[in-house]
Amino acid sequence: MSEKPVHAPLIQFPVVDDELVVGGIPLRQLAAQIGQTPFYAYDREAITRRVRELRETLPDGISLHYAIKANPMPAVVGHLTTLVDGLDVASLGEMRVALDSGMPAGEISFAGPGKGDPELRGAIAAGITLNLESSGELERAIRIGETIGVRPKVAVRVNPDFELKSSGMKMSGGPKPFGIDAELVPAVLRRIGESGVHFRGFHIFSGSQNLRPESLIEAQNATFQLAYRLAEDAPAALEMLNIGGGFGIPYFPGEQRLDLSSVSENLQRCLGECRAHLGDVEVMTELGRYLVAEAGVYVCEVVDKKVSRGQTYLVTNGGLHHHLAASGNFGQIIRKNYPVVTAHRVNDAPRELVNVVGPLCTPLDLLADRMELGQADVGDLIVVLQSGAYGYTASPHQFLGHPQPLQVLV
Ligand SMILES: *Cc1c(COP(=O)(O)O)cnc(C)c1O
């Protein structure tokens, strides 16, 4: 027999009569209400709970921003707007979603390399803070600001001289397309000062999907130290310091939930020290997946069940075209199974070793590789957990031309 992958306690939802309940509705009933599969469902209450718990854990003095690329569904962003202090966007499209959500422009920041002139113009006109990724971007922002008669608000995104260790995705240290190399920042600050744009502070984001408190603490400490050093050359007092985030969630067998208590204690200490160095500055953390990933499920339906040379295949109407990350093709080096369950046979029912695949003509279209699931037959629903972030919008929907999944916030 092949190994039985054991996942960390990942189910964030109630299980009633062995059926998963999302948004207060048993999953098969929810599917009937939606009227089609596949779909993504995001649990409003689970998002609220996550933010509340995080606020209780983190020190009071820290603001919480949501990086909407994790899940830009307008209903989700609208809900989070009522819970967090600001939004971070990375494109004109995300900027529109953020502004439409009702979040004040003054609490929205825009990071991302390669901002085009239309994006810079839109952000400057709206009063959104640009997290500058290069000196060229600063020059274009200055010119656009003059042309449209609005003073750009800018923060400098720094590519630090350290990296976030054990990060799922490293976004700093060494040569990177993100941010301005720390050693080049003083010159950029001088230019900001002489150009008269509105300087707001620094954005130092060093990585993503980290489950190790020690690494997060090390990166936080280095981030604050770097900010103090760079602030010496700042043209004005810092209004804000965005220290990034990088809090991960457990996806794969053996991964444990991130314990934030030590991270939070350290942050408390850093905040005190920060007041001494930088005075009354707003310190913010920006999180994407940590706020939404565990609140979402992807649900597809078994269309065919077949046995091939001793292995059982559940062929579903969902797959990598809807959920690239769960297929293992979005940032994974060695493919591992996302947590998957049969919707109405979560824990108790007779179990079966199966492969869950999609309808695409490629062996990459795999949602579960030899997993033991509650027995499922044609017409039953298969659920991929941990799917509230980097799911719907991070997948190639057009590939093979199957219908798009729906998204609901319940
Ligand atoms: C992607 C990204 C985030 C969000 O990362 P998560 O792992 O989803 O928390 C935050 N900030 C920036 C600048 C990003 O590029």
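As the structure lists them, so they are numbered: ligands from 1, and atoms in each ligand from 1.
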### Query
With ring centroids as reference points, do Tyr298 and Phe39 lie under 6.0 angstrom apart?
no
### Task
Give yes or no for whether the N/O distance cutoff of 3.5 Å, strictly under, is met between Arg289 and ligand 1.
yes
### Message
Is the distance between the ring centroids of Tyr40 and His323 under 6.0 Å?
### Response
yes
### Query
Sequence neighbours excluded, which residues qualify as salt bridge (charged side-chain N to carboxylate O under 4.0 Å, His left out) partners of Glu352?
Lys305
### Query
Ring centroid separation for His397 and Tyr392, is it under 6.0 angstrom?
yes
### Query
Short question: side chain of Arg151, backbone of Ile124 - any donor-acceptor pair under 3.5 Å?
no
### Query
Does ligand 1 have an atom that lies less than 4.0 angstrom from a heavy atom of Tyr390?
yes
### Query
Which atoms from ligand 1 have a heavy atom of Ala67 less than 4.0 Å away?
3 (C), 4 (C), 10 (C)
### Message
Between the side chains of Arg257 and Glu294, is the shortest nitrogen-to-carboxylate-oxygen separation below 4.0 Å, so that they form an ion pair?
### Response
yes
#### Entry: Polar atom proximity, Glu286 to ligand 1 (N or O, under 3.5 Å)
yes
### Nitrogen or oxygen atoms of Ser208 and ligand 1 under 3.5 Å apart
yes
### Query
Is the shortest N/O to N/O distance between Gly246 and ligand 1 below 3.5 Å?
no
### Query
Under 4.0 angstrom from ligand 1, any heavy atom of Phe205?
yes
